[in-house]
Amino acid sequence: MTATTPARQQNVFLRWSRRLADATEWLAAVILGLIIVVNLTAVVARYIFSSPVGWSEEAMRYGIVWAVYLAAGATFRHGEQMAIDLFQHPIFLKISANISLIATLALSGVVVAVGFPFLLDTGQVSPSIRIPMWIPYASVVVGYLMIAIQAIAAYFDPPAPNRGEEEE
């Protein structure tokens, strides 16, 4: 093993996390586009053909949930999540970054640890589409896995501050 192996592994992880963030961001955008198509189809079917599409609202609801949780990881990677920055002094920046990472990983760990066994236990199906309910519920577990991965990546490779926003 060479002395640069950990640095090389970190670079591989950071490149992989960027690709993952881009992929989940695009997937969320595609899902939102499909939601628009389903909504337009439901409106046309109801008001022009007088034949409502019964499954459309349920499909849109589950699509929105999946899109939000998929995009949450990319939001962390780009540093666009909501945050309360009380301590802006350089002394506190590293401490607050460590606390933020630990808190994010702890919350993600709890959600995944509690959520994953729940996914395996449910025998429910959705009322209209008749898909297994573990599919919509899995969005939360997958979303928090993405958040954990991207929070680690953002810790080692912090996003550049957004210069377009006005400072208050």
Side-chain angles (χ1 to χ4, degrees), residues 1-39 56 58-85 87-88 92-122 124-126 129 131-165:
M1 290 205 150
T2 64
T4 60
T5 301
R8 210 176 278 147
Q9 289 172 343
Q10 182 177 343
N11 287 338
V12 169
F13 172 72
L14 293 176
R15 278 195 309 271
W16 175 79
S17 71
R18 276 190 217 102
R19 287 188 189 123
L20 182 63
D22 291 343
T24 56
E25 201 171 14
W26 276 103
L27 184 57
V30 167
I31 291 171
L32 290 175
L34 290 173
I35 290 169
I36 292 169
V37 169
V38 168
N39 192 20
S56 63
E58 187 175 301
M60 289 186 295
R61 185 179 318 124
Y62 297 150
I64 289 170
V65 171
W66 265 102
V68 166
Y69 277 107
L70 285 173
T75 302
F76 261 82
R77 186 68 180 105
H78 300 305
E80 296 171 344
Q81 75 277 12
M82 264 182 37
I84 300 172
D85 297 329
F87 304 109
Q88 289 297 316
F92 298 115
L93 289 179
K94 191 66 172 175
I95 294 170
S96 64
N98 289 337
I99 292 172
S100 177
L101 178 66
I102 290 168
T104 301
L105 292 179
L107 177 62
S108 297
V110 168
V111 170
V112 170
V114 171
F116 189 74
F118 178 73
L119 295 178
L120 301 175
D121 192 30
T122 183
Q124 301 173 334
V125 293
S126 67
I129 306 174
I131 61 170
M133 284 304 292
W134 68 263
I135 295 172
Y137 294 159
S139 65
V140 179
V141 174
V142 170
Y144 271 93
L145 280 172
M146 296 298 119
I147 289 171
I149 291 167
Q150 299 303 339
I152 293 168
Y155 179 80
F156 289 112
D157 183 25
N162 191 351
R163 303 287 184 209
E165 293 181 1

Margin query: Do the side chains of Asp157 and Arg77 get close enough for a salt bridge, i.e. N-O under 4.0 angstrom?
Written below: yes

Item checked: Spacing of CD1 belonging to Ile64 relative to CD1 belonging to Ile35, to within rounding of 0.5 Å -> 4.5 Å

Margin query: Do Ser17 and Ile152 have side chains that approach each other closer than 4.5 Å (heavy atoms only, starting at C-beta)?
Written below: no

Next item on the list: Can you see which heavy atom on Val125 is nearest to which on Met133, and at what distance?
Entry: C-CG, 3.7 Å

Notebook entry, point to check: How about Arg19 and Asp22: do any of their side-chain heavy atoms sit closer than 4.5 Å?
Noted result: no

Margin query: What's the separation between atom CG in Leu105 and atom OH in Tyr155, rounded to the nearest 0.5 Å?
Written below: 10.5 Å

Note to self: Consider side chain to side chain contact (heavy atoms under 4.5 Å, CB included). Of Val112, Ile149, Val110, which one does Tyr144 pass it with?
What the structure shows: Val112

Notebook entry, point to check: For Ile131, does its backbone N or O pair with a side-chain atom of Ser126 as donor and acceptor, under 3.5 Å?
Noted result: yes

Margin query: For Ser108, run the side chain to side chain contact (heavy atoms under 4.5 Å, CB included) check against Leu145, Ile147, Val141 and tell me which one passes.
Written below: Ile147

Next item on the list: Measure across Ile129 and Glu58 and return the closest heavy-atom pair with its distance rounded to 0.1 Å.
Entry: N-OE2, 3.1 Å

Next item on the list: Quick one: pull up CG in Leu119 and CD1 in Ile135 and give me the separation to the nearest 0.5 Å.
Entry: 10.5 Å

Check: Quick one: does Trp66's side chain get under 4.5 Å of Val142's, heavy atoms only?
Finding: yes

Next item on the list: Look up atom CD1 in Ile99 and atom OG1 in Thr104, then write down how far apart they are to the nearest 0.5 Å.
Entry: 11.5 Å

Next item on the list: State, with a plain yes or no, whether a side-chain heavy atom of Val140 is found less than 4.5 Å away from one of Tyr69.
Entry: yes

Notebook entry, point to check: Which atom names give the shortest non-hydrogen contact between Ala74 and Thr24, and what distance separates them?
Noted result: CB-OG1, 4.2 Å

Item checked: Spacing of Tyr137 atom OH and Tyr62 atom OH [to the nearest 0.5 Å] -> 7.0 Å

Next item on the list: Locate the shortest heavy-atom distance separating Ser56 from Val38; write the atom from each residue and the value.
Entry: CB-CG1, 3.8 Å

